[in-house]
2 protein chains.
Amino acid sequence: MQRKTFRNMQCPIARGLERVGEWWSMLLMREAFYGTRRFDDFQKNLDIAPNMLTRRLGALVEEGLLERRQYSEKPPRYEYVLTQCGRDFLPVLLAMLAWGNKHFAPEGTSVELLDKETGRLVEPVLVDGGTGERLSLKRHAVVPGPAAGEGMRRRLAAAAGFLAAAGDTQAENEALAAGGAS
Amino acid sequence: MQRKTFRNMQCPIARGLERVGEWWSMLLMREAFYGTRRFDDFQKNLDIAPNMLTRRLGALVEEGLLERRQYSEKPPRYEYVLTQCGRDFLPVLLAMLAWGNKHFAPEGTSVELLDKETGRLVEPVLVDGGTGERLSLKRHAVVPGPAAGEGMRRRLAAAAGFLAAAGDTQAENEALAAGGAS
DNA sequence: CAGTATCCTGTCCGATACTG
DNA sequence: CAGTATCGGACAGGATACTG
């Protein structure tokens, strides 16, 4: 019973983790966004063993993040391209990128986001698409959705109380808004 | 030599993964944001074995995401609270939440984000804090930073070419902007 | 309540060799 | 070029018992 399966859990984060929780999965996704499509390129760029690559690639295909597409008849050749679901994963990657840059690059950043129009560096921030407001613990809360079970409702009720309270303190107040490099 | 260490890699995503890549780490962080501070509460809420909890909690403390704080003299009692670095991780969690809700909740969502002022659901979106523009493959690019080595520069040069090209296609054009539930 | 101490197992991952 | 086939090791994770 090595690992519990999170699939049946209500938490969307756990469900997401179920698909990209393996060590290589997110790195493979990063590569896919960099434009890598071929087995061989994945292997060279990531320095991953071929059998592992086969497994992870296969898993991502099965989960619907990548699509295995034949691009040559003879010899038969396949490439791996992002599906819509896979493309929607990009924000997670960019949030990770921002976080990594902010906290784990003491000697300076190696990868950055650039606004090609202004030529300035991008500061990735999470906002509400509807209002444009930065997500903040003061204004926003985590609430149960329509499919939430009884247990989840109780959990979130407790959490909501905390989040509201936390919003009152200055430190935690700012926390939610800060997405990346200050 | 079980797993390669990503610590020395230039990629900020890999570096981040090094801290929260274990299965339980992100779930522990989620719990911390829900307000869980005590060992026992983590255990009950996550249904995790106590030895594993000790290990993961200790790792997160060591990585600087959590702080172990004594809140009682006698008997000595400790609690685990988010550090600044830990709080800055929230955007990643929320991006995951949005992605999970969008793609892996066929029977409806169980956890949602609410704007307490308007009473409307939040649509988490990643934007450039400077310009307020949604991140898009058309307008934004990944570029090497000051600390990028030669290898990284070459990699990103190739990637930038692809991303620019991808920005021309409609599907991939929209992809970057969509953070969560449409 | 907040862990520590053991023991066990699954599997993630690495290394290497081989194929159409 | 794009994988498949084996083999092994390390460790994440589980179960359970025990302590101040």
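Just so we're on the same page: letters track the sequence lines, and every chain starts at 1. Only heavy atoms go into these numbers, but all of them, side chains included; no hydrogens, no water, no symmetry mates.
- Distance CE (B:Met52) to P (D:dG13): 5 Å, rounded to an integer number of Å.
- Between B:Lys4 atom NZ and D:dA10 atom C1' there is a gap of 15 Å when expressed in whole angstrom units.
- Under the 4.0 Å criterion applied to side-chain N and carboxylate O atoms, B:Arg55 and B:Glu62 are not assigned as salt-bridge partners.
- The CG-P distance, from B:Leu53 to D:dA12, rounds to 15 Å in whole Å.
- The hydrophobic cluster around A:Tyr71 extends to none of the other residues, as no ILVMFWY side-chain heavy atom falls under 4.5 Å of it.
- Of the residues near DNA chain D, A:Thr54 and B:Asn51, the one whose nearest nucleotide (by heavy atom distance) lies more toward the 5' end is A:Thr54.
- Using a 4.0 Å heavy-atom criterion, one finds that A:Arg38 contacts the sugar-phosphate atoms exclusively.
- Distance, A:Arg3 CZ to C:dC12 C1': 10 Å, rounded to whole Å.
- Between the OH atom of B:Tyr78 and the C1' atom of C:dC1 there is a distance of 14 Å, given to the nearest Å.
- Axis angle, first five pairs versus last five pairs of the helix from C:dC1-D:dG20 to C:dG20-D:dC1: 50°, rounded to 10°.
- For the pair B:Arg38 and B:Tyr80, the NZ or CZ position fails the cation-pi test of under 6.0 Å to the six-membered ring centre and within 45 degrees of the ring normal.
- The separation between B:Trp23 atom CH2 and C:dG10 atom P is 17 Å, rounded to whole Å.
- Residue A:Tyr71 has no polar side-chain atom (N or O) positioned under 4.0 Å from OP1 or OP2 of D:dC1.
- Within 4.0 Å (heavy atoms only), A:Glu22 reaches sugar-phosphate atoms of the nucleic acid but no base atom.
- Looking only at side-chain heavy atoms (C-beta outward), B:Met26 and B:Val92 come within less than 4.5 Å of each other.
- Distances shorter than 4.0 Å separate none of the side-chain N or O atoms of B:Arg68 from OP1 or OP2 on C:dA2.
- Per the geometry, CZ belonging to B:Arg56 stands 11 Å off P belonging to D:dG14, to the nearest Å.
- A salt bridge links A:Glu107 with B:Arg15; the closest basic N to acidic carboxylate O contact falls under 4.0 Å.
- Taking 4.0 angstrom as the limit, A:Arg55 places none of its side-chain polar atoms (N or O) nearer than this to OP1 or OP2 of C:dC13.
- As rounded to whole Å, 12 Å separates atom C1' of C:dC1 from atom OH of B:Tyr80.
- Between A:Asp115 and B:Thr131 the shortest side-chain heavy-atom distance falls below 4.5 Å.
- For the pair B:Lys4 and A:Asp47, the salt-bridge criterion is met [side-chain N within less than 4.0 Å of a carboxylate O].
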